[in-house]
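Quick notes on the structure that follows.
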Number of protein chains: 2
Amino acid sequence: MLETIVERLQEAGHRLTKPRMAVLQVLETGGEHLSPAEILARGQAIYPALSRATVYRTLELLSELGLLRLIHPGEQRSSVACVAMHHHGHHHLLCIHCGCMIPFEECVVGELEATLSQRLGFEIKGHLLEFYGLCKECRGHQKVEQ
Amino acid sequence: MLETIVERLQEAGHRLTKPRMAVLQVLETGGEHLSPAEILARGQAIYPALSRATVYRTLELLSELGLLRLIHPGEQRSSVACVAMHHHGHHHLLCIHCGCMIPFEECVVGELEATLSQRLGFEIKGHLLEFYGLCKECRGHQKVEQ
DNA sequence: GCATTAATTGAGACTTTGTCTCAATTATAT
DNA sequence: ATATAATTGAGACAAAGTCTCAATTAATGC
């Protein structure tokens, strides 16, 4: 996985620097939902001089290469950066009351993806399917609280 | 449409203030993809004293009532706030190169929504389906540019 | 291994976004 | 009209993200 990314970076003529490698390492081991701030913190554990600017630059670079996709950047409470290295798509439910996030596996976009891709000439690299509403618990509390 | 929202606000015991009405008016006429900053600017054209805090507070309120959903808050280049008043779902393709956004109408989540809702006890109020990749034009340019 | 060179970096200033507090205002019920 | 509690604007604050520039460093060719 990391190897693939490294290859694609080099193919595209980018250098394999230590700060960059630190970010990649964090992304590989950190799961799909890290915020830039978390990536910075974890990255500095590997390469202490790592700067915020470099984290953003690396994320942007990977993004341009289609290896990664930031979702909900800037959002604070919930997880923020979402890595598309692991899967092609991301699926979850978000509670608009407590902010909790429940992932699910079912993917129903395959056919649609092909249709859209063809119709619009779009090269699709990934997707995000997100439902929002009230989770089981908040559904009950809702009326009592307010 | 605006009437519905006004009703739901009052039902829930919230006041119909001028700043709030200004925001609602902007949301009603501004389409589905306004950023909080844009909402503030347009709102101030209607009610000059409108403050940023009030915009955020109103968006949060509407969000809690399930009338609205902010997507990609904090993101700068592309549109940010996404209003769920108009439709139940939002569907678009995002180009990771130029940032353009192409909406589409097809919705394939109905059945899945019912399944998840039942399985997890989640009360689903809306959804976002977003594909990302390269648009027709960027797909061509990509290799030439770099 | 060593020098060259262009890409990359860190630091930190800066901008923008979002949150919070508090005194002043205002919509609503009476 | 008055009382009262919700709502507001201002502005301080915090966090997120961008940008510049001089210093560093990875890759290339020797």
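Naming: A, B, ... by sequence-line order, numbering from 1 per chain.
- The side chain to side chain donor-acceptor pair (under 3.5 Å) test with B/H91 singles out one residue from B/E106, B/E130, B/H127, B/E105, and that residue is B/H127.
- One interatomic measurement links the two molecules: CG of B/L34 to C1' of C/dT17, which rounds to 16 Å at whole-angstrom precision.
- For D/dG17, neither phosphate oxygen OP1 nor OP2 lies less than 4.0 angstrom from any side-chain nitrogen or oxygen of A/R52.
- Close to C/dT9, at under 4.0 Å from its OP1 or OP2, lies a side-chain N or O of A/T17.
- Look at CG on A/L40: it is 10 Å from P on C/dG10, rounded to the nearest Å.
- Put simply, CG on A/L24 is 14 Å from C1' on C/dT8, counting in whole angstrom units.
- In this entry the distance linking CG of B/L50 with C1' of C/dT25 reads 15 Å, nearest Å.
- Listed nucleotides D/dA16, C/dG18, C/dT17 differ in distance to B/P36; the shortest reach to its side chain belongs to C/dG18.
- For B/R139 against A/G121, the heavy-atom pair with the smallest separation is NH1-O, 3.0 Å.
- If you take CG of A/L9 and C1' of D/dA26, they are 13 Å apart, rounded to a whole angstrom.
- The A/Y56 side chain lies nearest to D/dG17 when the options are C/dT17, C/dG10, D/dG17.
- Put simply, CD on B/E64 is 11 Å from P on D/dT7, counting in whole angstrom units.
- Interface remark: the A/R15 side chain does not form any donor-acceptor pair with the D/dA27 base, using a distance-only criterion of under 3.5 Å.
- Phosphate contact (OP1/OP2 of D/dC19, side-chain N/O of A/R57, threshold under 4.0 Å): absent.
- Taking the nucleotide of DNA chain D with the nearest heavy atom to each of B/K18 and A/A53, the more 5' of the two is matched to B/K18.
- Expressed to the nearest 0.5 Å, how far CD of B/Q10 lies from CD of B/E7 amounts to 8.0 Å.
- Contact check for B/L62 versus B/L27: side-chain heavy atoms found under the 4.5 Å cut-off.
- Under 4.0 angstrom from either OP1 or OP2 of C/dG10 there lies at least one side-chain N or O belonging to A/T54.
- Across all their heavy atoms, A/P19 and A/Y47 have their closest contact at CG-CE2, 3.8 Å.
- Per the geometry, OH belonging to B/Y47 stands 13 Å off C1' belonging to D/dA10, to the nearest Å.
- For A/M21 and D/dT25, the CE to C1' distance is 15 Å, given to the nearest whole Å.
- At least one side-chain nitrogen or oxygen of B/H14 sits closer than 4.0 Å to the OP1 or OP2 atom of D/dT7.
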